[in-house]
Amino acid sequence: MKAPWVSIESFPLHLGEEVVVKGWLANKRSSGKVAFLIVRDGTGFAQATGAVGEFFTRSELKEMAKVPLQSSIILQGVVRKDDRAPGGYELALSHFQVVAEAEDYPIQNKEHSVEFLLENRHLWLRSQKPHAVLRIRNQVIMGLHQFLQENGFTLIDPPILTPAACEGTTTLFELDYFDLGKAYLSQSGQLYMEAAASAFGKVYCLAPTFRAEKSKTRRHLTEFWMLEPEAAFFDWQDNMELQEQLVSFVVGRILDSCQEELATLERDLTPLTKIKTPFPRISYEQAIEILKAKGFSAEWGDDFGGDEETAISEEFDRPVFIHHYPAQIKAFYMQPDPDDTRLVLNDDLIAPEGYGEIIGGSQRIHDYQLLKNKLEENNLPLEAFQWYLDLRKFGTCPHSGFGLGIERMVAWISGIHHIREAIPFPRQIYRIYP
RNA sequence: UCCUCGGUAGCUCAAUGGUGGAGCAUCCGGCUGUUAACCGGAGGGUUGCAGGUUCGAGUCCUGCCCGGGGAGCCA
């Protein structure tokens with residue numbers, strides 16, 4: 001086949017031209033002397049038509065119609081506009097070649113159980129909805145990089161194998177590390193980003209993190225990706241400004257570049273178009289008041305669950321910051337509020353439409369003695385944190401950062417129910433296959 | 001970990017304690033514009049596993065296994 005190989009996505013640019021498409025047979029219909037093949041090539045879906053006549057005999061067409069779904073194929077033909085074709089364009093076939101015949105394909109164009117689809121995730125990726133979600137994920141990640149790079153942040157990769165907990169309380173995946181005892185899969189790159197911030201000023205990482213919590217909700221995975229910017233000389237308010245600019249930038253980018261994907265997912269765009277800075281800011285105490293007014297039995301010192309987060313987010317048409325939480329329910333490294341040391345200079349960013357917390361950030365403790373006291377209060381091993389304490393001895397400064405959950409962000413923007421669909425191969429407490 | 005719902009053909013589901021079925025998929029045949037195409041025919045079963053009750057268990061009981069939904073915890 002000598003015609004140029006083009007993507008289905010680019011069909012409108014090749015109207016009237018003879019082209020080659022390489023892909024897979026997604027669906028087919030035939031009626032004796034005409035065959036309709038739906039081909040996908042990773043960039044889109046297109047209908048190809050073959051007819052008895054100039055290019056195909058009746059028996060050739062019959063063989064074409066017998067090729068099993070998901071077989072890999074190479075097609076050649078002329079791109080033409082036709083309102084009867086899904087998508088408006090179709091390929092009038094002149095050549096048809098099977099690269100490899102597929103066996104019976106288990107996923108059909110109908111309802112399947114969640115269990116079945118997850119068991120076949122390696123094939124399910126080919127279906128339109130997962131395909132659209134993961135294209136949005138791609139654009140979200142590219143948008144995060146773009147914004148941070150354009151604003152002076154340097155990408156610094158954190159280690160995945162770590163010697164100790166970054167946050168003492170959460171459960172860690174443990175493994176044997178040669179003769180050096182136990183090592184753990186990282187549950188955050190933050191502490192290493194703090195080291196990097198004193199070297200590069202403004203830094204970030206985008207890396208997988210692992211939590212061995214037996215959480216079983218639509219907002220949890222045991223392996224998930226987190227973006228963690230950290231900036232020297234940023235206070236907690238600089239930190240929130242960075243967060244809102246980053247989130248609104250990425251949402252804007254998705255609205256520009258993923259219209260087709262959002263349409264496939266039937267995402268209501270109205271709430272997304274309202275995501276503009278500044279985001280509302282409320283204190284933890286104000287959040288408690290809102291919850292009480294809505295009939296929740298919220299008391300000072302309680303943390304918020306999914307229902308509480310949803311109730312608070314309903315009061316606003318864009319993501320909302322909740323700041324100044326009680327220190328007792330937050331991590332050891334957060335800077336106490338100088339005006340009320342029961343509180344810390346932190347913020348959670350709650351996404352709209354019930355998608356919950358997508359960011360947790362704070363100003364970090366920069367004083368050596370205060371940090372040492374906090375480590376001891378939390379019964380954390382000082383030896384393992386010696387390097388972290390060191391950062392407070394050699395030119396310490398106020399600094400802040402945050403962690404953004406990639407899958408929660410993608411799930412929110414995509415409007416999907418469960419974050420396991422926002423990652424190619426989800427890891428959950430009862431699932432490690434495929 | 002707790003609460004709750006479920007497991008029957010490749011898939012989605014039926015079947016009053018009394019001969020396990022249907023639609024889709026697959027295979028065979030038909031059809032010149034299909035849109036989850038349509039029409040006709042065929043094959044396809046250790047009812048999650050192990051016990052128990054019963055003349056008789058997919059169905060009732062006990063235990064286990066595997067999942068779904070939710071809670072707590074968190075991003």
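We name chains A, B, ... by the order of the sequence lines, and we start the count at 1 in each one.
Projected onto RNA chain B by closest heavy-atom contact, A:Ile38 and A:Leu69 fall at different nucleotides, the more 5' of which corresponds to A:Leu69. With the nearest nucleotide of RNA chain B identified for both A:Pro68 and A:Leu221, A:Pro68 has the one nearer the 5' end.
Contact annotation: A:Ser188 does not reach the phosphate of B:A75 (side-chain N/O to OP1 or OP2, under 4.0 Å). The side chain of A:Lys214 contributes an N or O atom lying less than 4.0 Å from OP1 or OP2 of B:U1. Under 4.0 angstrom from either OP1 or OP2 of B:G70 there lies at least one side-chain N or O belonging to A:His417.
Take A:Asp41 and apply the side chain to side chain donor-acceptor pair (under 3.5 Å) test, not counting sequence neighbours, and it matches A:Thr43.
The aromatic rings of A:Tyr325 and A:Tyr284 lie tilted to each other, with the angle between the two planes from 30° to 60°. Using cut-offs of 30° and 60° for the angle between ring planes, the A:Phe153 and A:Phe234 rings count as perpendicular. Aromatic ring pairs are classed by plane angle as parallel below 30°, tilted from 30° to 60° and perpendicular above 60°; the pair A:Tyr388 and A:Phe332 is perpendicular.
Taking atom C1' on both nucleotides, B:G43 is separated from B:G7 by 26 Å, rounded to a whole Å. Separating the C1' atom of B:U46 from that of B:U32 is a span of 48 Å, rounded to the nearest Å. For the P atoms, the distance linking B:G67 with B:G33 amounts to 48 Å, nearest Å. Using atom C1' as the reference point in both B:G21 and B:U47, the two lie 13 Å apart (nearest Å). Comparing the C1' positions of B:A9 and B:U1 gives a spacing of 37 Å, expressed to the nearest Å.
Rounded to an integer number of Å, the gap from CD1 of A:Ile406 to P of B:C74 is 21 Å. Distance OH (A:Tyr105) to C1' (B:C24): 16 Å, rounded to an integer number of Å. The interatomic distance linking A:Phe210 (CZ) with B:A75 (P) rounds to 16 Å, in whole Å. If you take CZ of A:Arg211 and C1' of B:C73, they are 10 Å apart, rounded to a whole angstrom. Per the geometry, CD belonging to A:Glu308 stands 9 Å off P belonging to B:C73, to the nearest Å. Residue A:Gln243 contributes atom CD, which lies 13 Å from atom P of B:A75 at whole-angstrom precision. Rounded to whole Å, the distance from CG on A:Leu349 to C1' on B:A75 is 12 Å. In this entry the distance linking CG of A:Leu91 with C1' of B:U34 reads 16 Å, nearest Å.
There is a side-chain donor-acceptor pair under 3.5 Å between A:Glu150 and A:Gln146. Side-chain polar atoms of A:Asn239 and A:Gln363 form no donor-acceptor pair below 3.5 angstrom. A donor-acceptor pair shorter than 3.5 Å can be found between the side chains of A:Gln47 and A:Glu90.
Nucleic acid contact class of A:Asn109 (heavy atoms, under 4.0 Å, all strands): base. Contacts of A:Gln428 with the nucleic acid, taken as non-hydrogen atoms under 4.0 Å apart, are absent. Within 4.0 Å of A:Gln108, counting heavy atoms only, lies at least one base atom of the nucleic acid. Residue-level contact check: A:Ile359 touches the backbone only, with heavy atoms under 4.0 Å from sugar-phosphate atoms and none from bases. Counting any heavy atom pair closer than 4.0 Å across all strands shown, A:Ser113 reaches sugar-phosphate atoms only and no base atom. At a threshold of 4.0 angstrom between heavy atoms, the contacts of A:Asn27 are confined to the sugar-phosphate backbone, with no base atom among them.
You can call A:Phe224 stacked on the base of B:A75; the centres are under 5.5 Å apart and the planes sit within 30°.
Distance from the side chain of A:Lys110 is smallest for B:C11 among the nucleotides B:C11, B:C74, B:U34. Listed candidates were B:G67, B:G33, B:C11. Nearest to the side chain of A:Glu115 is B:G67. Picking from B:A71, B:G68, B:G33 the nucleotide with the shortest atom distance to the side chain of A:Arg420 gives B:G68. The nucleotide whose nearest atom lies closest to any side-chain atom of A:Asp303 is, among B:U1, B:U26, B:C74, B:C74. Across B:A36, B:U1, B:A75, the shortest atom-to-atom separation from the side chain of A:Met226 is found for B:A75. Here the side chain of A:Asp307 is nearest to one of B:G67, B:A71, B:G33, namely B:A71. Taking only side-chain atoms of A:Arg219, from C-beta outward, the nucleotide of B:C11, B:G68, B:C73 with the closest atom is B:C73. The side chain of A:Ile419 sits closest to B:A75 out of B:A75, B:C74, B:G67. Side-chain proximity of A:Phe36 to the nucleotides B:A71, B:C74, B:U34 is greatest for B:U34.
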### Query
How does RNA chain B look in dot-bracket form if you count Watson-Crick and G-U pairs under 3.5 Å, write [ ] for pairs that cross, and put | where a base pairs with another strand?
(((((((..((((....[..)))).(((((.......))))).....(((((..]....))))))))))))....
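Residue A:Arg408 places a side-chain atom within donor-acceptor reach of the base of B:C74, judged by atom type and a 3.5 Å distance cut-off alone. Checked by distance alone, A:His220 brings a side-chain donor or acceptor within 3.5 Å of a matching partner on the base of B:C74. If you check distances only, the side chain of A:Gln47 does reach the base of B:U34 with a donor-acceptor pair under 3.5 Å. A:Ser215 contributes a side-chain N or O that forms a donor-acceptor pair with the base of B:C73 under 3.5 Å. One can find a donor-acceptor pair under 3.5 Å joining the base of B:G33 and the side-chain atoms of A:Arg80.
Taking 4.0 Å as the cut-off between side-chain N and carboxylate O, A:Arg431 and A:Glu119 count as a salt-bridged pair. Using a 4.0 Å cut-off between a side-chain N of Lys or Arg and a carboxylate O of Asp or Glu, A:Glu244 and A:Arg318 do not qualify as a salt bridge. With respect to the salt-bridge test (charged N to carboxylate O, under 4.0 angstrom), the residues A:Arg80 and A:Glu17 do not qualify. Salt-bridge check for A:Glu357 with A:Arg219: failed, with every basic side-chain N at 4.0 Å or more from each acidic carboxylate O. The existence of a salt bridge linking A:Glu353 and A:Arg267 is confirmed by a sub-4.0 Å separation between a basic side-chain nitrogen and an acidic carboxylate oxygen.
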Using a cut-off of under 3.5 Å, enumerate the N/O to N/O pairs linking the protein to nucleotides 29-32 of chain B.
| residue | atom | partner | partner atom | Å |
| --- | --- | --- | --- | --- |
| B:G30 | OP2 | A:Lys62 | NZ | 3.1 |
| B:C31 | OP2 | A:Arg58 | NH2 | 2.8 |

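Stacking of A:Lys81 on the aromatic ring of A:Tyr89 is recorded, both the 6.0 Å distance cut-off and the 45° axial limit being met.
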